[in-house]
Amino acid sequence: MHRLEDFCHDLAWEIRAAFNRNPDLVTEFEAWKEVRDNERHQISDVGDRMDIMRRSSLNA
């Protein structure tokens, strides 16, 4: 387990260093994250609508 923690720690530092060397990565990551979050909300909205339709058909 200790080796896994060391690996994760080293990986986090490498990622930080990459972002520091290339600020454009930060912009790209933030754009990707925004798209991903929007997709999650859309999927959630579709799921909510499907649940409503299912419930309304059961009550009919």
Side-chain angles (χ1 to χ4, degrees):
M1 187 66 174
H2 184 67
R3 288 185 354 181
L4 178 60
E5 290 173 358
D6 288 344
F7 172 78
C8 292
H9 182 263
D10 292 346
L11 180 60
W13 277 107
E14 288 297 324
I15 292 170
R16 283 188 200 106
F19 280 121
N20 287 335
R21 284 190 302 271
N22 187 351
D24 291 338
L25 286 176
V26 175
T27 304
E28 290 179 31
F29 175 75
E30 288 173 347
W32 170 82
K33 187 175 176 218
E34 184 176 339
V35 168
R36 187 193 65 178
D37 290 345
N38 288 339
E39 288 173 348
R40 283 185 178 171
H41 289 301
Q42 289 173 354
I43 290 169
S44 177
D45 290 347
V46 169
D48 291 346
R49 281 188 230 123
M50 289 177 68
D51 285 342
I52 291 168
M53 288 173 31
R54 239 183 267 127
R55 280 189 227 129
S56 65
S57 68
L58 290 174
N59 292 334

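For reference, positions follow the sequence shown, starting with 1. Keep in mind that this is a model prediction, so the values were computed, not measured.
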Under 3.5 Å, sequence neighbours excluded: what are the donor-acceptor pairs made by side chains of residues 28-36?
none

Report, one line per pair, each donor and acceptor closer than 3.5 Å where one atom sits in a side chain of residues 13-25; sequence neighbours left out.
| from | atom 1 | to | atom 2 | distance (Å) |
| --- | --- | --- | --- | --- |
| W13 | NE1 | H9 | NE2 | 2.9 |
| N20 | ND2 | R16 | O | 3.3 |
| N22 | OD1 | D24 | N | 3.2 |

Q. Any salt bridge between R54 and D51, counting N to O under 4.0 Å?
A. yes
